[in-house]
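The structure appears right after this line, and notes come after that.
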Protein chains: 2
Amino acid sequence: MLNKATVERLIIYNRVIKELKAQGEKWVTSTDIARALSKTPSQVRRDISSLGRKGKRGVGYNIKKLINDLDSVLGLNDEHCVALIGAGNLGRALIGYPGFKREGFICRLIIDNDPEKIGSKISGIKVESSEGLAKKVARKKIAIAVITVPAEAAQKVVDSAVAGGIKELLNFAPVKIYVPEGVNIRYVDLALEMENLAYSLNYRKKNK
Amino acid sequence: MLNKATVERLIIYNRVIKELKAQGEKWVTSTDIARALSKTPSQVRRDISSLGRKGKRGVGYNIKKLINDLDSVLGLNDEHCVALIGAGNLGRALIGYPGFKREGFICRLIIDNDPEKIGSKISGIKVESSEGLAKKVARKKIAIAVITVPAEAAQKVVDSAVAGGIKELLNFAPVKIYVPEGVNIRYVDLALEMENLAYSLNYRKKNK
DNA sequence: AGCATATTGTGAAATATTTCACAAGCCAAA
DNA sequence: TTTGGCTTGTGAAATATTTCACAATATGCT
């Protein structure tokens, strides 16, 4: 298991390299990648070497092979079934996000408890209530759940999703969620991002 | 300047402690905070000691004083003027997000180049085109820009925002953005989050 | 007052992550 | 085929971050 920071960088390298490929490039060096991302070439080489892929000394990395390795390690060759739990503004924005489908994520289940929404369709998928959520995710073989419900409701829907067999979650609710050992939950916390900026702004003001 | 990871943890501690305060608690220990967040008490103490605040041995931290310090260091006592650049689904979801206003972020400028949107109102604020963006942000004394335009347009609007004096940005466009020294840009990359999950899923599958 | 129990603050140790630096290998040109 | 200029891969060094461990000290009970 590669460490978290390495995986994040590999994902970004992959993007940059795919862009180079689209421009017709065949080879790329660690320095090229580093420059495009403001990293050190040394770090890029370490990260890539953790894939097992070998470059060619004096030349760099073969783009096609490198992308192959990256896609294979990063799990981007297969499609992944996703459940959207919470169909508010944010949830709808996510589903509509072009990168979502392009990268192989297919939304197969949308859950919301607003009676006005239940039964309606979003992006062609019928909105269902959270009743029997565990069974629903199990039946549809959902691999990833995206949680965009209000903070108070988050732990409960996560528990159901996990009971249904989901092991990968992306949580937008700004609360700490407890999951059993072996379940992976990532947090995207917009208030936290804003507050980070506030800190930096404040620091700047005080130390001017 | 505290390090990034420490600031992120302090923000979360602050939330947890405010919740305890709302429940009527007056004191909190590093162990309490650690337990609520699955961190070690030792880390919590180090983080808090980096604020300068001293707790009481044998007792813990005075919640009121600790929140004071946190709010002051984190810059949460003042309000911050925010510009939303890109008024798509995601941008609108952000502005409507309850945590946004509650934490002191006030949206004062909304920019979008869709002719259908220009002139219309979102949350009571008129949508304007990106024409003369630098001047607009300067005139309204915007401190923070939230970038939710498509990837291709991102660098350009960031350049204008920076020219207008903005030093803190939150970027949702999935591209590397270059900013001058001294300007702080944070990334929220939803595709990256999803791809991280894909990696973990894939790793699980291969190593079952 | 004395004792038992709790919790902080922080050097020092342990870990984790990044960068340096250079031998080894590849390529092109002469 | 030799030479010179690149670039990789990776030990080892340097940094950064986290955890340990324990003296110092506050509280409450007897």
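Note: hydrogens, waters and symmetry copies are ignored here, and every other heavy atom, side chains too, is used.
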Protein-nucleotide distance ([X], atom [atom1]; [N], atom [atom2]), rounded to Å:
X     : N      : atom1 : atom2 : result
A:I63 : D:dT8  : CD1   : P     : 12 Å
A:D47 : D:dT10 : CG    : C1'   : 14 Å
B:E8  : D:dT18 : CD    : P     : 11 Å
B:L66 : C:dT7  : CG    : C1'   : 15 Å
A:R53 : D:dT10 : CZ    : C1'   : 18 Å

- Query: Side chains of B:T29 and B:D32: is there a donor and an acceptor less than 3.5 Å apart?
  - Reply: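 There is such a pair (donor and acceptor under 3.5 Å, judged by atom type) between the side chains of B:T29 and B:D32.
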Can you name the atoms? Protein N/O to nucleotides 14-16 of chain C N/O, anything below 3.5 Å, with the distance.
none

Measuring to OP1 and OP2 of [N], would you say a side-chain N or O of [X] lies under 4.0 angstrom away?
X     : N      : result
B:R9  : D:dT18 : yes
B:Y61 : D:dA26 : no
A:K54 : D:dT8  : no
B:K56 : D:dT27 : yes

- Task: Could you check which residues of residues 27-44 of chain B get a heavy atom under 4.0 Å from DNA chain C? Sort them by number, please.
- Result: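 By residue number: B:T29, B:S30.
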State whether the side chain of [X] and the backbone N or O of [Y] hold a donor-acceptor pair below 3.5 Å, judged by distance alone.
X      : Y      : answer
A:N202 : A:A198 : no
A:R45  : A:T31  : no
B:N196 : B:L192 : yes

Is any NZ, NE, NH1 or NH2 atom of the basic residue among [X] and [Y] found under 4.0 Å from an Asp or Glu carboxylate oxygen of the other?
X      : Y      : answer
A:E131 : A:K136 : no
A:K39  : A:D47  : no
B:E168 : A:R204 : yes

- Query: So which of B:I111, B:D112, B:T148, B:N171 actually passes side chain to side chain contact (heavy atoms under 4.5 Å, CB included) with B:I85?
  - Reply: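 Of all the options given, the one that passes is B:I111.
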- Task: Measure from the side-chain heavy atoms of B:R45 and tell me the nearest of C:dC26, C:dG9, D:dT18.
- Result: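 My answer, after comparing the listed nucleotides, is C:dG9.
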- Item | Nearest-nucleotide pick for B:R57, side chain only, options being C:dT8, C:dA24, C:dT18 |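 Looking only at heavy atoms from C-beta outward on B:R57, the closest nucleotide is C:dT8.
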- Task: For atom NZ of B:K176, decide whether the heavy atoms of other residues, nucleotides or ligands shown that lie under 6.0 angstrom number more than 12.
- Result: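 Correct, the count exceeds 12.
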- Item | Side-chain donor/acceptor contact of A:R46 with base of C:dT18 under 3.5 Å |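 Under the 3.5 Å cut-off, the side chain and the base do not form any donor-acceptor pair.
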